[in-house]
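Written out below as structure tokens is the structure these notes cover.
The structure displayed is predicted, hence computed values, not measured ones. Each chain gets a letter, A, B and so on, in the order the sequences are listed, and its residues count up from 1.
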Amino acid sequence: MIHSTFAATAATAAAPSSLLGRWSWHPNPIFSHRRFHLPISRPLVLPCVALEISVQSGGAKGETEKESKLWGGRFEEKVNELVERFTESISFEAEELWMHDIRGSKAHANMLAAQGLMTEGDRDKIIEGLGVIKKKIESGKFVWRKDREDVHMNIEAALTDMIGEPAKKLHTARSRNDQVVTDLRLWCRDAVDRILTRIKQLQVQLVKLALRNDGLIIPGYTHLQRAQPVLLQHLLLSYVEQLERDAGRLTNCKERLNFSPLGACALAGTGLPIDRFMTSQELGFTAPLRNSIDAVSDRDFILELLAANSITAVHLSRLGEEWVLWASEEFGFAIPSDSVSTGSSIMPQKKNPDPMELVRGKSARVVGDLMSLLILCKGLPSAYNRDLQEDKEPLFDSVKTITQMLEVTSVFAANITFNHERIHTSLPAGYLDATTLADYLVKKGMPFRTSHEVVGRAVALCVAKKCQLSDLTLDDLCGINSIFEKDVYDFLGVDNAVNKFTSYGSTGSAEVQKQLQFWCSKLEITSSE
Amino acid sequence: MEKESKLWGGRFEGGVYESVERFTESVSFEAEELWMHDIRGSLAHANMLAALGLITEWDRDQIIEGLSKIKKMIESGEFVWRKDREDVHMNIEAALTDMIGEPAKKLHTARSRNDQVVTDLRLWCRDAIDRILTRIKQLQVQLVLLALRNDGLIIPGYTHLQRAQPILLQHLLLSYVEQLQRDAGRLIDCKERLNFCPLGACALAGTGLPIDRLMTSQELAFTAPLRNSIDAVSDRDFVLELLSANSITAVHLSRLGEEWVLWASEEFSFITPSDSVSTGSSIMPQKKNPDPMELVRGKSARVIGDLVSLLVLCKGLPSAYNRDLQEDKEPLFDSVKAIIGMLEVTSVFAANITFNHERIRSSLPAGYLDATTLADYLVKKGMPFRTSHEVVGRTVALCVAKKCQLSDLSLDDLWGINSIFEKDVYDFLGVENAVNKFTSHGSTGSAEVQKQLQFWCSKLEITNS
């Protein structure tokens, strides 16, 4: 049997772990100091770099005893190994939650001492012990054990191994039910901040991209049919608007989740004289939650975060779709730089915009994460049910994915060039000036419906003659309706047409400049670099 | 018989296939919901066009009068919706043209169906949110009234559906009220975020005609016009947000539904729903089923499905308008209709159940609900919690062996486990004692629950049960 460094240290510690539970096989049922039994655990291969050490197991199965569970008081049998593997959560939650768990425990210990529920000496030992554990985890030396089930019990048992008796007081007036959901709220609060930062970064990159392509006119589409000419800047700013609402949703979510569950304990609160306001404040929450059952039951703050992420993901998938189209040969609007493209292992000419395809595609898993959690929560009775352990993987995946999608889109935006020439040459096709022509007729006094029809016929004539609206002669036009005059040519052609848009929020240059000023000011952008 | 030419048919040479027409029409599912908002939007638009000199005041008056007649015809059921006129917008406009002729052709000046429809939708969603908020509040009120009618009733609190700790029923009911409060908060945030006006974005790029977007925005009680015309016609994130909020509410109601169905079962028998909210079996004469709550639980599925539909619909769509977006309406209407139904029915159910106080009380001892309180007793005596947890665990094991409750153990029994027990332990044992040992803020202790009740009675303006 190979012991990890940590386990060896524990064996020589004066204070043993009092993990009694199976009093039926201990001869003396009276509480007494127990010899620490070195636990057998399966080799752990954890996906994170920080946790490299694995504990080897040795000896025949069943020969050496398992560590008793922290909750094992009334239990007479050990847990089935298959069940243990199925139900452990340490393998997916440790890396994300340990820091918040320690933070929560420190606040709790501080409060317990302040309330006289533990001595200051005990508190100091706990805080010191947690500090040591924190460093161990950060340096990759800490061993996470599946037989200790989850991050909470791993940390507490390790603390007990380290400091003995005082550690057993940490969980006074606390349950994993309120502990875990406190950890999760802290985690989500941080996650929201991380996402907000990246949303802002992407907004900045999009505005800079707009500034670098000042005045570039592109076809605007509806139904993927050329509709009206728009300034590229105008389109890029439409994404910025959507991202702004995405950020708003996250800000609202963060505000709504920022209430402390600590002190709700299992579901009913406690009779011990705790101070919920103290822990709430120390952890930066707005206030303690008003109802203890609500506090441990509900994951609606996660649902809200995942829903917000899903909407952001859908926005990015739409942007991704457009940029993939623009990179195609047929559109040829944008050239991504090599640094954000990939090739083909078989076709030498290929240069693919894979990052944006993956941005588009990863929206699927973000939506799926939301679905998982909605279905998970559906029909669950109040308070805690073990199903809720399954809330973490979708949450972590959703946040990780959306963060990356935002980052990659930012990088991509910083590394594409627009083909001004190619776009310019292709612009006449599509009768993009048709609505502007209709507006011309309205200005001459024609009812819009009639003008729509008239221009429709003019377009049909162009189709027959294989030419553009601006190629038609005044005779051609007057043959459709006599209202046309020479000034019509001021409204035809794409460059004219774009500048005929003047309404608030339109694609006209002046309006777009106003938008750009608004965003440069809001996002504190001073240059396009 | 010749078909009527399409309002958009200027450059078109052939008519459209009937099968295509049937596939693409939307009037059959949107007319009833949207006509009122469509007319309202058109009235505001006409007022603005006249104010800006784009149509004459006479034209505007004709339009307004015509729309008003159409409104009456729709309300009285006389109006005929035509599928060959595709959607609610073109139905109304064509009917107006049939009615008043030339002036009608000016209504669509500086407007596209792209900004028209999304304006209609925002108005619809704004109303819908108000309707949902009303029902949320009604349900909160019913839950608080139910709590007031069952003052002091102790029930088992569960985790993992295993008896955990004794709680006041009121405390559990108030946990639902808290969740509903957040649901309302999400809807309020959504309403605030959606309340911006797309009118004037036209197809996607705005217009050159001298319109006043602020005027229409104000007349329609929006906060302000949207800043970017492409965003204005592209985005349905306000619908996604509403459907998400509904999904979270639906999940909350499904959890409440699950609990109440459990409570109505023979094995739990905590509640008896009245006949007015129950259904029978066509074959088993004894049956009395809590179907309404089963359906509340079950309808959460379609609400989630509506959200998924719209997420999948929007995924990967290029900017501005794409016809796919027509499919946004049915999920939206269904989601709102379902959540309203769920909220209303839950309210009615809550007003028509009786708790079986006797049955609950006699079942209460089972489950060692006072175990944690006993552990707290030991902590108060100075024992570290982990140790006390273990000690009580062994005590419970003893009860299991002796087939008795914790309060049935003698002091000798307890000393056999640990000498720290004293006579005062019996003040902590038994469910009534245990419940009142909870004193922390937000706990199930009587005083704390009274505070919560006062808070909610005040907030919801409840004066009696």
When [options] are compared by non-hydrogen pairs under 4.5 Å with chain A, the top option:
options	result
B/Cys314, B/Ser244, B/Ala203	B/Cys314
B/Ala250, B/Gly316, B/Gly206, B/Pro166	B/Gly316
B/His441, B/Glu102, B/His389, B/His252	B/His441
B/Gln162, B/Glu178, B/Glu258	B/Glu178
B/Ser254, B/Pro210, B/Gly157, B/Ser234	B/Ser254
B/Asp235, B/Leu204, B/Asn322	B/Asp235

Among the options [options], pick out the one with the most heavy-atom pairs lying under 4.5 Å from chain B.
options	answer
A/Tyr239, A/Phe277, A/Phe301	A/Phe277
A/Glu453, A/Arg386, A/Gln242, A/Lys500	A/Gln242
A/Leu374, A/Val454, A/Val512, A/Thr507	A/Leu374
A/Met446, A/Glu156, A/Met118, A/Glu511	A/Glu156
A/Ser506, A/Pro288, A/Ser238, A/Ala264	A/Ser238
A/Phe491, A/Tyr440, A/Tyr384	A/Tyr384

**Request:** Only counting residues at least two apart or in another chain, list the ones meeting ring-ring contact (aromatic ring centres under 6.0 Å, His included) with A/His171.
**Result:**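 Not a single residue meets the ring-ring contact (aromatic ring centres under 6.0 Å, His included) criterion with A/His171.
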
**Asked** Can you name the residues that form a ring-ring contact (aromatic ring centres under 6.0 Å, His included) with B/Tyr158, not counting sequence neighbours?
**Response**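 Counting only residues at least two positions away or on another chain, B/Tyr158 forms a ring-ring contact (aromatic ring centres under 6.0 Å, His included) with B/Phe268.
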
**Request:** Check B/Gly442 against A/Arg276 and note the closest heavy-atom contact, atom names and distance.
**Result:**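 Smallest heavy-atom distance, with atoms named: CA-NH1, 3.9 Å.
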
**Request:** For residues B/Lys380 and A/Gly271, report the shortest heavy-atom separation together with the two atoms involved.
**Result:**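 Heavy atoms of B/Lys380 and A/Gly271 come nearest at NZ-O, 3.4 Å.
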
First locate atom [atom1] of [X], then atom [atom2] of [Y], and finally report the distance between them rounded to the nearest 0.5 Å.
X	Y	atom1	atom2	result
A/Gln228	B/Cys202	CD	SG	7.5 Å
A/Leu370	B/Ser247	CG	OG	7.0 Å
A/Leu272	B/Ser443	CG	OG	11.0 Å
B/His171	A/Asp294	NE2	CG	9.0 Å
B/Thr207	A/Phe501	OG1	CZ	7.0 Å

**Asked** Is the shortest distance from a Lys or Arg side-chain nitrogen in B/Arg186 or A/Asp300 to a carboxylate oxygen in the other one below 4.0 Å?
**Response**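 Salt bridge between B/Arg186 and A/Asp300, a charged N being under 4.0 Å from a carboxylate O: yes.
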
So which part of [X] gets closer than 4.5 Å to some heavy atom of chain A, the side chain, the backbone, both or neither?
X	value
B/Leu226	both
B/Arg213	side chain
B/Asn114	side chain
B/Leu172	both
B/Val400	side chain
B/Glu259	side chain
B/Ile211	side chain
B/Trp263	neither
B/Thr109	both

**Request:** Check step by step if salt bridge (charged side-chain N to carboxylate O under 4.0 Å, His left out) holds for B/Arg193 and A/Asp246.
**Result:** CA-CA 10 Å; B/Arg193 205 181 338 273; A/Asp246 293 340; over 6 Å; no

**Message:** Looking at B/Ser319, is its backbone amide N or carbonyl O close enough to the side chain of A/Arg318 to form a donor-acceptor pair, meaning the two atoms are under 3.5 Å apart?
**Reply:**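 Answer holds: no.
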
**Sidechain-backbone polar pair: A/Thr222 side chain, B/Ala320 backbone, donor-acceptor under 3.5 Å** =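 No; judged by distance alone, with no hydrogens or angles, the pair does not exist.
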
**Request:** Would you mind reporting whether A/Arg290 and B/Trp456 have side-chain heavy atoms less than 4.5 Å apart?
**Result:**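 Contact flag for B/Trp456/A/Arg290 side chains = yes.
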
Counting only non-hydrogen atoms closer than 4.5 Å, does [X] touch chain B with its backbone (N, CA, C, O), its side chain (CB onward), both, or neither?
X	result
A/Pro229	backbone
A/Leu224	both
A/Ile274	side chain

**Asked** In terms of side-chain heavy atoms, does A/Asn291 have a donor or acceptor partner in B/Gln452 at a distance below 3.5 Å?
**Response**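 Distance-only check passes for A/Asn291 and B/Gln452.
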
